[in-house]
Amino acid sequence: MKILVVYYSMYGHIHRMAEAVAEGAGSVPGAVVEMRRVPETLPQEVLEKMAAVEAQKAFAHVPICTVAELGAADAVIFGTPTRFGNMCGQVRQFLDATGGLWMSGALVGKVGSVFASSATQHGGQESTILSFHTTLLHQGMVIVGAPYTIKELMNMAEITGGSPYGAGTLAGSRGDRQVSANELAIARAQGRHVAGIAAKLAAK
Ligand SMILES: Cc1cc2nc3c(=O)[nH]c(=O)nc-3n(C[C@H](O)[C@H](O)[C@H](O)COP(=O)(O)O)c2cc1C
């Protein structure tokens with residue numbers, strides 16, 4: 001059973017969350033988990049102005065995803081930073097290259113799941129995940145979130161990302177907030193939950 005964690009990260013928050021999602025998915029017997037990045041679309045000059053170049057070096061070793069790899073997976077867990085309440089353009093562009101998978105129905109019946117990161121507490125994590133689901137539904141994917149049996153979703157003792165739609169983290173307005181232990185626990189649980197459902201579907 002192949003699980004792909006496919007993401008874009010500019011400053012590392014989504015990368016850190018992707019590691020936790022992959023760890024959780026990998027804890028399910030029979031799951032083979034791979035992490036992949038979507039291709040960068042911004043010019044180097046812009047990335048430099050956005051102070052992203054140094055940050056991105058930390059995860060430059062993660063291979064770039066191909067569309068064919070999506071088709072070969074049993075489940076795909078996508079990660080994206082919020083951009084104006086939506087997925088980022090890099091992920092959008094990657095998904096817009098999956099028309100061939102749509103034509104052949106290659107993703108129909110496979111599990112799709114999403115996690116996100118935003119600068120601020122109400123900056124659009126939930127709208128990012130829910131609007132992402134539209135694309136997954138067009139591809140015929142079976143959408144899986146992060147159920148409330150994950151007790152960290154109920155944590156009111158601190159500010160935390162994450163909702164039943166999927167794990168999330170808050171980067172802070174300057175991007176200097178680190179992913180919290182609570183958010184990582186939700187991310188691991190989402191990965192585990194997705195892989196568990198994918199295993200049941202694969203057994204049929
Ligand atoms: C063009 C742009 C738009 C953004 N839009 C939002 C937004 O709508 N809400 C929000 O809270 N943060 C927004 N952010 C902040 C990013 O979501 C934040 O930098 C990101 O979640 C950090 O994740 P990363 O470290 O994985 O790149 C935006 C950032 C950029 C560059």
Side-chain angles (χ1 to χ4, degrees), residues 4-25 33-65 76-96 112-135 145-146 152-153 155 158-191 194:
L4 269 188
V5 181
V6 180
Y7 66 96
Y8 176 81
S9 187
M10 183 166 267
Y11 302 113
H13 297 83
I14 282 291
H15 169 69
R16 183 68 195 95
M17 291 288 281
E19 288 178 327
V21 167
E23 188 190 330
V33 186
E34 305 273 7
M35 284 173 63
R36 294 285 184 271
R37 293 179 298 137
V38 302
E40 183 55 82
T41 58
L42 291 173
Q44 188 72 8
E45 181 194 341
V46 175
L47 291 171
E48 276 163 18
K49 282 189 182 150
M50 294 176 87
V53 174
E54 205 47 43
Q56 288 186 331
K57 283 182 184 162
F59 39 93
H61 60 280
V62 179
I64 298 294
C65 195
V76 187
I77 312 174
F78 293 95
T80 178
T82 289
R83 297 282 186 262
F84 309 116
N86 277 284
M87 71 175 81
C88 66
Q90 291 85 347
V91 171
R92 181 72 264 162
Q93 180 140 331
F94 181 70
L95 291 173
D96 285 358
S113 193
V114 184
F115 59 99
S117 165
S118 61
T120 59
Q121 200 178 352
H122 303 290
Q125 273 179 32
E126 295 179 12
S127 61
T128 296
I129 295 175
L130 289 171
S131 55
F132 201 126
H133 287 170
T134 310
T135 300
E152 287 83 1
L153 286 171
N155 186 352
E158 60 185 89
I159 289 175
T160 185
S163 72
Y165 313 124
T169 186
L170 310 164
S173 57
R174 301 171 67 87
D176 51 359
R177 180 182 179 271
Q178 302 304 309
V179 180
S180 73
N182 198 71
E183 292 162 345
L184 291 171
I186 297 168
R188 276 193 294 273
Q190 183 177 353
V194 168

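As the structure lists them, so they are numbered: ligands from 1, and atoms in each ligand from 1.
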Let me check something: any side-chain donor-acceptor pairs from residues 48-56 under 3.5 Å, sequence neighbours excluded? List them with distances.
| residue | atom | partner | partner atom | Å |
| --- | --- | --- | --- | --- |
| E54 | OE1 | K57 | NZ | 3.0 |
| Q56 | NE2 | Y8 | OH | 3.1 |
| Q56 | NE2 | S9 | O | 3.2 |
| Q56 | NE2 | E40 | OE1 | 3.2 |

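- Remark: T41 engages Q90, Q93 in a side chain to side chain contact (heavy atoms under 4.5 Å, CB included) (not counting sequence neighbours).
- For the residue pair E152 and T160, no side-chain donor N or O sits within less than 3.5 Å of a side-chain acceptor on the partner.
- Sorted by chain and number, the heavy-atom contacts of ligand 1 below 4.0 Å come from S9, M10, Y11, G12, H13, I14, M50, P81, T82, R83, F84, G85, S117, S118, A119, T120, G123, A171.
- Listed by first then second residue, pairs satisfying side-chain hydrogen bond (donor to acceptor under 3.5 Å, both in side chains) with a partner in residues 14-24 read Y7-H15, H15-E19, R16-E19, not counting sequence neighbours.
- Residues T128 and S118 have side chains not in contact (no heavy-atom distance under 4.5 Å, counting atoms from C-beta outward).
- Counting only heavy atoms from C-beta outward, the side chains of M17 and S117 never approach each other to under 4.5 Å.
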